[in-house]
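Because the structure is predicted, anything quoted here is derived from the model rather than measured. Counting starts at 1 for both ligands and their atoms, in listed order. Side chains are part of it too, since the values below use all heavy atoms of this structure and drop only hydrogens, waters and symmetry mates.
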Amino acid sequence: MTTIAAALELVRQRIVAACIACGRDATTVRLLAVSKTFDDGAVREAVAAGQLCFGENYIQEGVAKVAALRAALPQAPLEWHCIGPVQSNKTRLVAENFDWVQSIDKLKTAQRLSEQRPEHLPPLQVCLQVNIDGGPNKCGVAPQEARDLAIAVAALPRLVLRGIMAIPEPAPGFDAALAVHEETRRLFDEINAAKGLPYALDTLSMGMTADLEAAIHAGSTMVRVGTAIFGGRQAA
Ligand SMILES: *Cc1c(COP(=O)(O)O)cnc(C)c1O
């Protein structure tokens, strides 16, 4: 077994253990492998170990990897998620190359993605990024504005709104991480109950290497894990 295959197996075991600990069915939590900064060889190793969904933060790097993997493994049903900031001059690249965008925080970006999504591709699957704890990275819609943005994004023709994504500041321990993930969960439930949303949301994207157990306890349906699968990254 390769290092990446072994690491993936450990992450899957963590997810299953967390689900058992809080009485959830492990099939309700998807694992997104965050491959940013790692090359297409690393992604291929993860694919060989059964991982099909990958997250990328940097648009150009992500688009290059999508193309490399499509050339190397044309039959593999890979799913690519953009999880980093999308500047207006990058929306077309994103609309043409990714399957999901989890980092929508402005209607303008969503409108451009909807207009630029090619006809021959299925609708782009999107999540709103919510700045749940007002963290200093400043990405994400404010929680009190998330519901109205959700209703507006869900109305766009070439997008399907799947849910919300949050990246809280690192928490000092399980209980602190749980508290902020529970806040995200409450916001998700509130948006889902809103009149004006044409369909129900099914994706609560939260939890990373350090806090995936707390996120699963709070109801996460998708954990995004980089370090525990691919190893440490160089500081950007
Ligand atoms: C880098 C990143 C991750 C993965 O973080 P790890 O701590 O390496 O698991 C998850 N989500 C987003 C949005 C990221 O940028």
Ligand 1 contact by Q102, heavy-atom criterion under 4.0 angstrom: no
Numbering the atoms of ligand 1 from 1, which are under 4.0 Å from a heavy atom of [X]?
{"X": "R224", "answer": "4 (C), 9 (O), 10 (C), 11 (N), 12 (C), 13 (C)"}
{"X": "I83", "answer": "11 (N), 12 (C), 13 (C), 14 (C)"}
{"X": "G226", "answer": "4 (C), 6 (P), 8 (O), 9 (O)"}
{"X": "T227", "answer": "6 (P), 7 (O), 8 (O), 9 (O)"}
{"X": "V225", "answer": "9 (O)"}

More than 12 heavy atoms from other groups under 6.0 Å of CZ on R147: no
What is the nearest protein non-hydrogen atom to [atom], stated with its residue, atom name and distance?
{"atom": "atom 9 (O) of ligand 1", "result": "T209 OG1, 2.5 Å"}
{"atom": "atom 10 (C) of ligand 1", "result": "M208 SD, 3.2 Å"}
{"atom": "atom 13 (C) of ligand 1", "result": "I167 CD1, 3.4 Å"}
{"atom": "atom 1 (C) of ligand 1", "result": "K36 NZ, 1.4 Å"}

Test your reading of the model: is there a side-chain donor-acceptor pair from [X] to the backbone of [Y], 3.5 Å cut-off?
{"X": "R117", "Y": "P122", "answer": "yes"}
{"X": "R224", "Y": "S205", "answer": "yes"}
{"X": "S103", "Y": "Q129", "answer": "no"}
{"X": "D105", "Y": "G140", "answer": "yes"}

Short N or O distance, V34 and ligand 1, threshold 3.5 Å exclusive: no
Charged N-O contact under 4.0 Å between E190 and R186: no
Salt bridge flag under 4.0 Å for residues E9 and R12: yes
Residue portion contacting ligand 1 (non-hydrogen atoms closer than 4.0 Å) for N57: side chain
Parallel, tilted or perpendicular: ring planes of H81 versus W100, cut at 30 and 60 degrees: parallel
